[in-house]
Amino acid sequence: MDFSRYEKLRTLVCANFSEQTRALVDEALEYADGKLAGLVRYDGSPLLEHAAAVASIVISEVGLGRNSTISAILHDVVRLAHKQLPAEEFLALSADIRKRFGDQVVGITLGLANISELKLKVAKEQADNFRDLIVSYSEDPRVILIKLADRLEVMRSLEMFPREKWRKKSWESMNLYAQIAHKLGLYSIKSELEDIALKYLEPKDYEHVVTKLEESAEERKAFIGRFLVPIEQRLNRLGIKYHIKSRTKSIFSIWNKMHKQHVPFEGVYDIFAIRIIIDCPQEAEKQLCWTAYSVVTDFYTPNPKRMRDWISIPKSNGYESLHTTVSAEGRWVEVQIRTERMDAVAERGIAAHWRYKGVNQGAQTSEMWLGHLRELIEDTTHSLAQRFDAKPASGEIFVFTPNGDLRKLPEGATLLDFAFDIHTSLGSTCVGGRVNGRAVPIREQLRNGDIVEITTQKNQTPKSDWLSLVVTSKARNKIKSYLREEQAKHTRMGREELERKLKNWKFAITIDEAVAYLAKYFKLRLGTEVYALIATQKLDFGSIKEILSRHLSGEAEEERRAAAAEIERQKAALHGTQEKAAPQDALVIDDDISKIQYKLAKCCNPIKGDDVFGFVTISAGITIHRCDCPNAKRMRENYPYRVIDARWRQSTEGAFRVTIRIVAADTTGMANHITEVIVRDLKLGIRSMNFAPAGNGCVAGEVAVEVPGTAVVDTLIHQIMRIKGVQRAYRVN
């Protein structure tokens with residue numbers, strides 16, 4: 001093969017690896033050249049040139065070792081074979097690579113092939129999930145680092161790709177891969193991916209920022225020169241070894257700040273930063289960094305809000321630096337202070353912890369920093385907190401809809417969980433589905449990367465046993481909600497049907513008494529279960545009529561005797577307490593009747609002045625109801641022998657609680673106007689007040705007021721209706 005095409009890579013290999021590794025790299029190049037023979041890129045160059053360029057980035061910009069370099073060279077070989085070859089042929093190829101280059105190379109290249117086959121969708125709201133999915137496919141932490149190098153090479157060569165691919169690859173680079181690079185401390189790769197992506201996504205904005213940077217370059221250079229003069233003089237006098245870099249903010253960062261803060265280019269004040277890099281032993285790092293900080297702040301005033309100390313407590317990805325922003329000549333300047341070692345880490349991520357000068361580059365060291373990488377990604381609280389075992393550490397899986405949308409579910413989630421996650425109606429009518437083209441039942445557990453399709457039927461409804469088939473709270477809550485609604489519907493339907501039948505049968509029994517007896521008869525815990533049996537036609541009315549008839553025939557006479565005895569007792573008490581003018585057997589309601597036990601009914605809340613009657617209960621004395629009470633007709637028809645006349649004593653004093661329903665315009669001070677009318681004008685006491693928005697610019701609520709009688713209620717309602725903005729006011733039971 002023609003090795004001259006790959007001289008840059010071979011030079012890097014010679015500078016960084018042993019003779020044995022150099023031989024293996026050449027073998028990998030020859031092997032890949034044979035497998036990829038005749039395959040070219042969009043510009044006509046051999047496909048292997050892409051792999052060689054990725055390997056160069058892996059060595060020089062990420063800092064990976066031998067196995068990663070060989071994996072980068074072979075990744076297209078495995079990717080194409082995984083996609084095109086039958087299973088037996090692919091296994092044979094994998095065995096050949098394993099024999100030549102080892103198990104680790106096979107594992108890494110297969111991980112890269114899996115990521116390449118993901119159908120990533122341009123969807124901002126799903127970016128986090130796609131980032132998690134990419135990382136979850138990395139069984140070895142080197143996989144994601146090589147994938148970043150691969151994407152960087154693609155973006156650098158994007159001009160050769162068909163125009164229709166530009167936007168998708170740029171969106172992925174900006175929203176997925178750049179964010180992963182940032183989390184791993186690969187800031188230079190992150191910035192370059194974002195800048196190139198911006199060039200293709202927003203070309204006019206990109207050119208505008210580039211032009212502005214070029215126009216202001218000379219002015220910035222002169223300003224930096226003036227800014228550094230006193231700092232350099234003091235550092236030289238102190239004998240500190242250092243060098244200074246000036247770093248211009250990335251094009252994407254400038255554009256992003258302009259976009260978010262709605263400012264022009266001139267409104268971005270931290271366009272560049274000064275970096276003071278100190279050369280010193282590791283034990284003297286903190287002391288000398290803080291010495292340099294004091295030198296800078298002696299000459300320029302710092303902004304305390306922009307102070308960042310990542311030397312005392314480094315970032316989780318290993319980043320160490322001291323940042324301060326100072327004022328000079330009316331503008332803000334960011335100053336970064338760090339050592340040579342810290343700068344290497346900042347430039348090349350955590351690999352530089354173990355690749356810094358003077359550190360052995362052997363396999364053991366490589367394992368040390370790879371172990372640190374594992375800890376970083378597993379310990380971080382960001383969405384990249386994943387184990388490298390082909391599934392996320394947090395117990396989550398990622399599955400696809402047929403059109404490529406990504407859904408995140410907990411591990412153990414079933415087809416039914418997925419259906420409810422898509423939409424409640426889809427879950428409620430789910431009868432099964434297909435996973436990766438295979439028909440499955442609703443209880444089928446899903447796995448990472450599955451493509452799931454749901455099958456529904458119109459007559460399907462949630463069942464109580466579905467609760468044991470789901471693990472997500474969303475599915476569980478939707479199923480419970482449906483079951484509660486069904487129970488309420490059955491209760492309503494069953495009650496209405498039973499009430500209608502009892503009326504037709506002319507049974508002298510209330511519906512509540514009938515249901516209580518039926519529940520006892522069938523050994524049911526709740527009356528609602530009786531209603532459900534009726535609504536679902538599991539209990540027929542022929543059986544109900546027979547059961548209630550036997551019950552009533554045996555107990556009616558006994559109950560009638562007991563009621564008659566109670567009425568006689570109550571009437572006897574009445575004779576000693578009636579006013580002389582009162583008709584015989586009429587109950588006069590008084591505040592001070594010690595011999596008669598009675599109470600005001602809660603169903604209609606009678607007050608003095610209302611037309612009322614008494615109803616004798618078996619165990620609770622007499623209940624006073626309004627004549628227009630909703631229950632009056634039923635009580636008079638079914639229990640005429642329990643009804644007695646009643647009226648209010650003329651001299652009765654005291655307070656009765658009445659509730660007024662009010663609907664009014666939602667204007668400021670409406671509640672105060674109502675309160676003033678009740679308390680100040682009518683001298684009545686308010687016991688509760690509750691208002692809430694009712695739509696259409698209105699509020700509605702109830703006011704509980706203590707009144708001496710019905711005459712006052714009419715006055716109260718009249719006065720409330722006179723308040724401007726009040727639309728309705730009426731008494732409620």
Side-chain angles (χ1 to χ4, degrees), residues 1-10 12-13 17 20-60 62 64-120 134 137-157 160-161 165 169 177 390:
M1 66 171 291
D2 182 9
F3 281 112
S4 62
R5 282 180 172 271
Y6 313 107
E7 202 53 46
K8 178 185 176 183
L9 170 61
R10 298 179 79 232
L12 282 169
V13 171
F17 301 120
Q20 182 183 4
T21 298
R22 292 199 290 273
L24 271 175
V25 168
D26 283 347
E27 183 182 348
L29 284 168
E30 284 197 76
Y31 186 84
D33 185 58
K35 296 293 182 182
L36 300 176
L39 298 177
V40 296
R41 306 186 78 185
Y42 290 104
D43 65 348
S45 61
L47 182 58
L48 183 55
E49 286 192 7
H50 162 68
V54 173
S56 297
I57 295 171
V58 163
I59 298 170
S60 61
V62 183
L64 295 173
R66 180 189 68 193
N67 287 327
S68 299
T69 303
I70 294 171
S71 297
I73 294 169
L74 298 176
H75 81 276
D76 278 331
V77 174
V78 176
R79 175 179 63 84
L80 293 172
H82 189 261
K83 186 177 181 180
Q84 299 171 357
L85 294 181
E88 290 183 4
E89 292 183 33
F90 178 74
L91 288 174
L93 177 76
S94 299
D96 188 30
I97 293 174
R98 182 178 286 106
K99 181 180 178 182
R100 291 169 180 267
F101 305 107
D103 289 339
Q104 291 190 33
V105 171
V106 173
I108 293 170
T109 53
L110 187 56
L112 289 165
N114 286 334
I115 293 176
S116 295
E117 290 178 9
L118 290 176
K119 303 299 182 186
L120 302 178
I134 290 168
Y137 271 79
S138 304
E139 296 183 8
D140 186 301
R142 287 168 288 197
V143 171
I144 198 62
L145 297 173
I146 298 170
K147 184 60 188 176
L148 289 173
D150 174 74
R151 177 47 62 117
L152 181 59
E153 200 286 328
V154 166
M155 292 304 290
R156 286 172 177 173
S157 311
M160 74 168 68
F161 282 73
K165 291 181 177 286
K169 289 191 178 295
Y177 293 106

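What you see below is based on every heavy atom in this structure, not just the backbone, and it leaves out hydrogens, waters and symmetry mates.
Counting only heavy atoms from C-beta outward, the side chains of Ile73 and Leu9 approach each other to under 4.5 Å. You'll find the side chain of Ile97 reaches within 4.5 Å of the side chain of Val78, heavy atoms only. Counting heavy atoms from C-beta outward, Leu148 and Val62 have side chains that stay 4.5 Å or more apart. Residues Ser71 and Arg142 form no side-chain contact, since every pair of their non-hydrogen atoms from C-beta on lies 4.5 Å or further apart. Side chains of Tyr6 and Glu49 form a contact here, defined as non-hydrogen atoms less than 4.5 Å apart.
When all heavy atoms of Leu112 and Lys147 are compared, the pair lying nearest together is CD2-N, 3.8 Å. Of all heavy-atom pairs between Ala72 and Ala51, the closest is O-CB, 3.6 Å.
Here Leu91 contributes atom CG and Asp96 contributes atom CG; the two are 12.5 Å apart, rounded to the nearest 0.5 Å.
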Audit row: Arg41, Ser157, side chain to side chain contact (heavy atoms under 4.5 Å, CB included) steps and yes/no = CA-CA 10 Å; Arg41 306 186 78 185; Ser157 311; 3.8 Å; yes
inquiry  = Would His50 and His75 count as a ring pair (Phe, Tyr, Trp, His ring centres under 6.0 Å) here? Give the steps.
reply    = CA-CA 10 Å; His50 162 68; His75 81 276; 5.3 Å; yes
inquiry  = Show, in sequence, the C-alpha distance, side-chain angles and deciding distance for Leu29 and Asp33, and conclude whether the side chain to side chain contact (heavy atoms under 4.5 Å, CB included) test is met.
reply    = CA-CA 6 Å; Leu29 284 168; Asp33 185 58; over 6 Å; no
inquiry  = With side chain to side chain contact (heavy atoms under 4.5 Å, CB included) as the criterion, how do Phe101 and Val106 come out once you've worked through the C-alpha distance, each side chain's angles and the decisive distance to 0.1 Å?
reply    = CA-CA 8 Å; Phe101 305 107; Val106 173; over 6 Å; no
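Tyr42 and Phe161 have tilted rings, their planes meeting at an angle from 30° to 60° on a 0 to 90° scale.
A salt bridge links Arg10 and Glu7; the closest N-O separation between the charged side-chain nitrogens and carboxylate oxygens is under 4.0 Å.
Across Thr109, Leu64, Thr69, a single residue satisfies side chain to side chain contact (heavy atoms under 4.5 Å, CB included) together with Ile146, and that is Leu64.
With hydrogens and angles left out, the side-chain atoms of Arg66 and Gln20 include no donor and acceptor closer than 3.5 Å.
No more than 12 heavy atoms of other residues, nucleotides or ligands sit less than 6.0 Å from atom CD of Glu88.
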